[in-house]
Each structure stands twice: as C-alpha cells, then as structure tokens.
Visitor: 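Can you read through this structure? Questions will come right after.
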Amino acid sequence: DAGVTQSPTHLIKTRGQHVTLRCSPISGHKSVSWYQQVLGQGPQFIFQYYEKEERGRGNFPDRFSARQFPNYSSELNVNALLLGDSALYLCASSYTGTGDEQYFGPGTRLTVT
Amino acid sequence: GQQLNQSPQSMFIQEGEDVSMNCTSSSIFNTWLWYKQDPGEGPVLLIALYKAGELTSNGRLTAQFGITRKDSFLNISASIPSDVGIYFCAGRAGNTPLVFGKGTRLSVIA
C-alpha cells in the first residue's frame with residue numbers, strides 16, 4: 001500500500017513569494033496534519049484537518065493556510081515567504097485524527113533565499 | 001505550551017550495546033509515540049503507547065508509558081548500524097496536537 005506522498009520534494013523560493021505544498025494521505029485515512037521541522041528540532045504542529053474541516057491550528061502566522069479536499073488530500077499555502085520559513089514541511093495522515101497514530105510523508109524541503 | 005524534554009541529545013555507542021533514551025513532559029499525556037527519522041526523510045512510527053504503565057515491543061525496540069503519564073522510555077537492544085538516526089518522542093493529551101521532543105541522535109560504531 002502507498003504511504004503518505006508529498007510534492008514537490010524540494011523547492012526554492014524568493015522572499016515575498018507564495019508557495020503551495022501538496023499531500024496525499026494513506027488510503028482510508030481521513031485526517032491530515034501539517035508540521036514544520038527546522039534543522040535540529042522536532043516537528044512543530046501547523047494544522048490538522050479532518051473531513052475537510054480544520055481541527056486544530058498551531059502557533060503560526062496567518063500567512064500559513066491549508067485546506068483539505070473531498071478525496072482527503074491537502075494543500076499547505078504560505079504567503080509572503082520569509083527566510084525563516086526555510087524548513088522541512090511534513091504531512092502526516094491518520095484514520096480519525098482524534099488520538100490515533102500519525103504516519104508521516106517524506107516531506108518537502110523548502111528553501112527561501 | 002506543553003514542552004517535551006528528550007534525553008540524551010546524542011549518543012555514540014558500540015554495535016551490540018543496548019540503548020536507553022527518555023522523554024518527559026510538563027503535563028500529563030494520554031498518548032506517547034516514538035519515531036525514527038533518517039536524514040532527508042520523514043519520521044517513521046516505531047511504537048505507540050496509550051495506557052499508563054504499558055510496555056510495548058517492536059523487535060529489538062521496547063517502549064514504556066510512564067506511570068506518572070508524564071514520561072516515556074525507549075530501549076533498543078543489541079544495536080546494529082542501521083539503528084543510526086534521530087529518535088523522536090511525541091505525546092498528546094486528549095485531542096490536542098502532537099508535541100515532539102527535540103530528538104536523540106544515535107550513532108553506532110561498528
């Protein structure tokens with residue numbers, strides 16, 4: 001069975017630009033969560049979606065937004081990119097999102113110059 | 001917000017040795033998860049714990065959910081070179097988001 005997939009793998013953007021990252025969850029999973037991981041740190045929660053509804057939001061500015069589609073795939077959007085947004089962006093899927101195990105994709109490495 | 005303290009930050013061990021690492025929280029959790037992350041990849045789930053005192057094994061890995069519900073432990077027995085990587089603990093209370101530790105970087109010397 002296919003795991004969580006993310007695209008693109010790598011991305012280089014300039015300050016001020018906008019970026020869209022994509023995630024497809026494991027088949028049958030209805031919840032998607034997004035995390036930001038900077039070098040030397042653990043993943044930090046950004047958003048969780050379940051059945052297309054936002055279930056939770058971490059301590060990130062409004063420049064970050066996300067949505068989930070009817071097929072449970074998800075997009076993370078970041079506007080007005082800053083150098084500090086450079087990180088590995090991870091998507092995790094789970095069946096319900098209410099306390100069950102989360103399975104991560106390989107991530108998208110975003111570099112902002 | 002909730003903080004997880006994971007220790008040690010890094011460890012260098014000889015192949016064949018056992019490894020222990022732990023994670024503590026400032027608040028009570030009802031779920032503990034342990035992940036391993038290799039360079040350039042996403043974290044891979046190793047063990048999930050849902051009950052205080054629970055002891056769960058996955059091959060050479062054993063993890064425990066602490067009785068106080070504020071800590072968890074991961075042990076690796078008879079380490080091998082492919083155990084190299086960064087191990088993360090993660091916990092949550094109720095339906096709150098997962099909170100991760102900063103990781104333990106494991107290096108195995110053959």
Side-chain angles (χ1 to χ4, degrees), chain A residues 2-10 21 23-26 29 31-50 53-60 64 66 87-111, chain B residues 1-10 21-25 28-52 54 56 58 63 65 69 72 74 85-106:
Chain A
V4 178
T5 59
Q6 291 186 244
S7 63
T9 306
H10 297 89
L21 310 181
C23 171
S24 291
I26 292 171
H29 283 192
S31 178
V32 168
S33 297
W34 288 94
Y35 293 83
Q36 181 194 65
Q37 186 179 26
V38 298
L39 205 60
Q41 301 290 321
Q44 187 172 359
F45 173 75
I46 309 175
F47 285 110
Q48 182 185 23
Y49 276 77
Y50 175 70
E53 298 285 328
E54 183 182 300
R55 272 280 181 90
R57 183 185 182 113
N59 189 23
F60 280 81
F64 288 75
L88 181 68
Y89 287 85
L90 295 162
C91 171
S93 80
S94 58
Y95 182 64
T96 66
T98 54
D100 52 352
E101 297 139 24
Q102 292 191 0
Y103 297 87
F104 283 85
T108 293
R109 170 72 61 188
L110 172 65
T111 302
Chain B
Q2 292 170 334
Q3 299 278 329
L4 289 189
N5 295 310
Q6 191 170 349
S7 65
Q9 282 187 313
S10 62
M21 59 189 78
N22 69 81
C23 202
T24 58
S25 168
I28 290 173
F29 281 170
N30 57 15
T31 300
W32 283 100
L33 306 175
W34 284 91
Y35 290 88
K36 177 176 183 276
Q37 186 174 29
D38 292 328
E41 298 183 13
V44 175
L45 181 63
L46 300 173
I47 293 179
L49 303 161
Y50 295 102
K51 199 184 296 185
E54 180 180 355
T56 297
N58 178 6
F65 194 137
R69 296 173 63 193
S72 181
L74 177 69
I86 303 177
Y87 291 80
F88 288 100
C89 61
R92 66 151 57 93
N95 291 330
T96 58
L98 270 181
V99 177
F100 282 78
K102 291 186 177 182
T104 293
R105 182 180 296 273
L106 178 64

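Here is the naming used below: chain letters follow the sequence lines, and residue numbers restart at 1 for every chain.
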Visitor: At a heavy-atom separation under 4.5 Å, does Gln102(A) approach chain B through its side chain, its backbone, both, or neither?
Guide: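 Answer is both: backbone and side chain atoms of Gln102(A) are under 4.5 Å from chain B.
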
Visitor: Quick one: closest heavy-atom pair of Leu45(B) and Glu101(A), and the distance?
Guide: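 Minimum heavy-atom separation between Leu45(B) and Glu101(A): CD2-CB, 3.6 Å.
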
Visitor: As an exercise, state the distance from CZ of Phe100(B) to OH of Tyr35(A), rounded to the nearest 0.5 Å.
Guide: 5.0 Å

Visitor: Give, as side chain, backbone, both or neither, the part of Leu33(B) having an atom under 4.5 angstrom from any heavy atom of chain A.
Guide: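 When you check distances to chain A, only side chain atoms of Leu33(B) fall under 4.5 Å.
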
Visitor: Does atom OH of Tyr95(A) have more than 12 heavy-atom neighbours, drawn from other residues, nucleotides or ligands, at distances under 6.0 Å?
Guide: no

Visitor: Is atom CD of Gln9(B) surrounded by more than 12 heavy atoms (other residues, nucleotides or ligands) closer than 6.0 Å?
Guide: no

Visitor: If you compare all heavy atoms of Gly42(A) against all heavy atoms of Phe88(B), which two are closest, and at what distance to 0.1 Å?
Guide: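 Shortest heavy-atom separation between Gly42(A) and Phe88(B) comes out as CA-CE2, 3.3 Å.
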
Visitor: Partners of Tyr50(A) by side-chain hydrogen bond (donor to acceptor under 3.5 Å, both in side chains), sequence neighbours excluded?
Guide: none

Visitor: Top residue by heavy-atom pair count (under 4.5 Å) with chain A, among Gly42(B), Gly101(B), Pro43(B)?
Guide: Pro43(B)

Visitor: State the CD-CG distance between Glu41(B) and Leu88(A), to the nearest 0.5 angstrom.
Guide: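 CG of Leu88(A) is found 10.5 Å from CD of Glu41(B).
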
Visitor: Less than 4.5 Å to any heavy atom of chain A: does that hold for the side chain of Gln37(B), its backbone, both, or neither?
Guide: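 Just its side chain gets close to chain A.
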
Visitor: If you tally heavy-atom pairs under 4.5 Å against chain B, which of Gln37(A), Arg55(A), Gln44(A) wins?
Guide: Gln37(A)

Visitor: Considering residues at least two apart in sequence or located in another chain, which fulfil the salt bridge (charged side-chain N to carboxylate O under 4.0 Å, His left out) criterion with Arg105(B)?
Guide: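 Once residues adjacent in sequence are excluded, Arg105(B) has no partner under the salt bridge (charged side-chain N to carboxylate O under 4.0 Å, His left out) criterion.
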
